[in-house]
Number of protein chains: 2
Amino acid sequence: MKSGISKKRKGESAGRRRGPRGEMRTRIYHYVQQRLLAGDPPSVREIRDHVGLRATQTVQRHLDGLIVDGRLERDTSGRSRALRLPQPQPQPSLVPLLGRVQAGVLTTAIEDPEGFVPVSGVRVGDGLFALWIRGLSMEGAGILPGDVVIVRKQSDANDGDIVVALVDDEATVKRLRRRDGRVELHPENPDFDVIVPDSLTLLGKVVEVRRFLEGAPGGV
Amino acid sequence: MKSGISKKRKGESAGRRRGPRGEMRTRIYHYVQQRLLAGDPPSVREIRDHVGLRATQTVQRHLDGLIVDGRLERDTSGRSRALRLPQPQPQPSLVPLLGRVQAGVLTTAIEDPEGFVPVSGVRVGDGLFALWIRGLSMEGAGILPGDVVIVRKQSDANDGDIVVALVDDEATVKRLRRRDGRVELHPENPDFDVIVPDSLTLLGKVVEVRRFLEGAPGGV
DNA sequence: AACTATAGCAGACAGATGTCTTCAAACAAG
DNA sequence: CTTGTTTGAAGACATCTGTCTGCTATAGTT
């Protein structure tokens, strides 16, 4: 045993409950939840060691109970570290929050973000990034300077979608309009002009807008 | 092999590079990054299968390179699924998203939320709840129907804060103003009236606003 | 008190996982 | 062209990990 638990004679503590009924299960639940929220799923032995039990089978039975209660889920493919948070407690994913994005360096910016924002797991982490809003061009849509938009990477979008496109080699957020077979990028502020790009380089579609009235997102 | 890679004769493709120098390493990096950001660390065999290699040792060598470059880290305790991203990651918390909140039932609503939204760990999860915006009274502040506000429970707030208060036994979001020792709840829309409550029941202060342009938050 | 259910221990075993060695093909440099 | 480096395959092995069986102690119920 690696955990410093004192050597006991065979069977010495078998069956011993240390606290009120249900306490161990609650302790296990909180430890697993914390580990899963941290993005670091625990093995059964790690759980065992953390809560001070000696047998993995005891942990398993508690986990079985938590799964029956719907508080945890298990990936049944036979892989290791298979616990999951269930709906409606989605496993959060972290989306890279980028600084300035210019033509050609999106991949680099994603690999070296200035921070991260957590999103619900239903959005599946691949293909998302987050950007700061810096201007007033989308004010009418309730998107203000200092907001963060979460963007799903895609190279096409529908009429009416709010998108991130490259204009003059700089990323900009606008509403996409299709007029007579042509693409237009519309601001949501009469003080800004409609942009008609010669060719559209679309980085993605805005799927979420966030405003932080106090503090900044994690890691910034 | 589980991945559907076609059976090849022994050694048939040994040493074959399929793309430009460095491409495989980049592909591996992106896959690992995405998995780690999703809170689901990959095994070496999962990486191997995802990128279409046949030997785990090849993956290991690429991972070694990524570790030398500082782009990934490895927990060296001998555990499985030991890759890490090098920056410290914010640890998200889950905030309950409530349905309708009326006087007297906030605690019940928190215990039985209709879903959860992940927030950055810097906000320390306890004491937070989230609410839907249903009306247009805060339109001028860029807070629209269908938005979700994240609220920190507190019974006092400063002049200018956006707060959640009980008015006519119903939770409402307004901007708090202090005038001549008196509290006023201001809309951010001229079509709505200023509210001057006889006594203020403040549920908390809005710390974040979120708009979901596609889908809803987890569990809803 | 007796009985039952719950909780925990110990040990064994199968499969997942990481790591190492050797060999071979492809590519880059001189 | 030759040589050295990089890249990828195959196979073996040690350890981690999940799961199962059997036993025991404790707590709850009748």
Side-chain angles (χ1 to χ4, degrees), chain A residues 1-3 5-28 32 35 40-49 51-68 72 74-84, chain B residues 1-3 5-28 32 35 40-69 72 74-84:
Chain A
M1 295 303 139
K2 299 182 293 186
S3 66
I5 295 177
S6 63
K7 270 261 187 237
K8 288 176 178 154
R9 281 168 300 171
K10 189 165 176 167
E12 178 174 325
S13 298
R16 180 185 296 268
R17 194 197 300 168
R18 301 296 185 87
R21 173 184 281 274
E23 175 173 319
M24 177 60 74
R25 189 163 297 182
T26 296
R27 289 184 59 210
I28 287 172
V32 174
R35 287 285 298 267
D40 185 20
S43 69
V44 178
R45 284 171 175 79
E46 283 168 356
I47 301 168
R48 178 202 62 184
D49 292 343
V51 299
L53 291 174
R54 302 287 292 273
T56 57
Q57 181 267 356
T58 314
V59 174
Q60 286 285 10
R61 237 173 339 196
H62 284 296
L63 295 176
D64 291 343
L66 288 165
I67 286 161
V68 164
L72 287 178
R74 194 185 256 143
D75 175 336
T76 52
S77 64
R79 54 170 285 184
S80 64
R81 300 175 186 269
L83 293 170
R84 298 284 177 274
Chain B
M1 295 303 140
K2 298 182 294 186
S3 67
I5 294 177
S6 64
K7 270 257 186 246
K8 287 176 180 154
R9 282 168 299 168
K10 188 165 176 163
E12 177 173 322
S13 299
R16 180 187 297 267
R17 194 198 299 167
R18 301 294 185 88
R21 173 185 280 272
E23 175 173 321
M24 178 60 75
R25 188 163 298 181
T26 295
R27 288 185 59 209
I28 287 171
V32 174
R35 287 286 300 268
D40 185 20
S43 68
V44 179
R45 284 171 175 79
E46 283 169 356
I47 300 168
R48 178 203 62 187
D49 293 343
H50 179 81
V51 299
L53 292 174
R54 303 287 293 271
T56 56
Q57 183 267 355
T58 315
V59 174
Q60 286 284 10
R61 243 176 331 196
H62 284 295
L63 294 175
D64 291 342
L66 289 164
I67 287 161
V68 164
D69 290 347
L72 287 178
R74 195 185 255 140
D75 175 335
T76 53
S77 63
R79 55 170 284 188
S80 63
R81 299 174 185 273
L83 293 170
R84 299 285 178 274

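Each chain gets a letter, A, B and so on, in the order its sequence line appears, and its residues count up from 1. Basis for what follows: all heavy atoms, side chains included, without hydrogens, waters or symmetry-related copies. In this text, all values refer to a predicted model and were calculated from it rather than measured experimentally.
- Between A:R84 and B:D40, at least one side-chain nitrogen of the basic residue sits less than 4.0 Å from a carboxylate oxygen of the acidic one, meeting the salt-bridge criterion.
- In this structure, the separation between CD on A:E46 and CZ on A:R35 is 4.5 Å, given to the nearest 0.5 Å.
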What N/O pairs connect the protein and nucleotides 18-22 of chain C at under 3.5 Å? Give each pair on its own line.
| residue | atom | partner | partner atom | Å |
| --- | --- | --- | --- | --- |
| C:dG18 | OP1 | B:R81 | N | 3.0 |
| C:dG18 | OP2 | B:V44 | N | 2.5 |
| C:dG18 | N7 | B:R45 | NH1 | 2.7 |
| C:dG18 | O6 | B:R45 | NH2 | 2.9 |
| C:dT19 | OP2 | B:Q60 | OE1 | 3.2 |
| C:dT19 | OP2 | B:Q60 | NE2 | 2.7 |
| C:dT19 | O4 | B:T56 | OG1 | 3.1 |

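- D:dT19 atom P lies 11 Å from atom CD1 of A:I47, rounded to whole Å.
- Atom CG of residue B:L83 and atom CD1 of residue B:I67 lie 6.0 Å apart, to the nearest 0.5 angstrom.
- For the pair A:V59/A:R45, no side-chain contact is recorded, criterion being any heavy-atom separation below 4.5 Å from C-beta on.
- Between the CD atom of B:E23 and the C1' atom of D:dT6 there is a distance of 15 Å, given to the nearest Å.
- At whole-Å resolution of the value, CG in A:D64 and P in C:dT6 are 13 Å apart.
- Atom pair A:R25:CZ and C:dA5:C1' shows a separation of 13 Å (rounding to whole Å applied).
- We find that CZ of B:R54 is positioned 17 Å from P of C:dA24, with the value rounded to whole Å.
- Salt bridge A:R81/A:D75: absent, no basic N to carboxylate O contact under 4.0 Å.
- Contact annotation: B:H62 reaches the phosphate of D:dG8 (side-chain N/O to OP1 or OP2, under 4.0 Å).
- Rounded to an integer number of Å, the gap from CD1 of A:I28 to C1' of C:dA7 is 11 Å.
- Interatomic distance, B:I28 CD1 to B:E23 CD, rounded to the nearest 0.5 Å: 11.0 Å.
- Atom CG in A:L53 sits roughly 12 Å away from atom P in C:dA7 (whole-Å rounding).
- In this structure, NE2 of B:H50 is placed 15 Å from P of D:dG8, rounded to the nearest angstrom.
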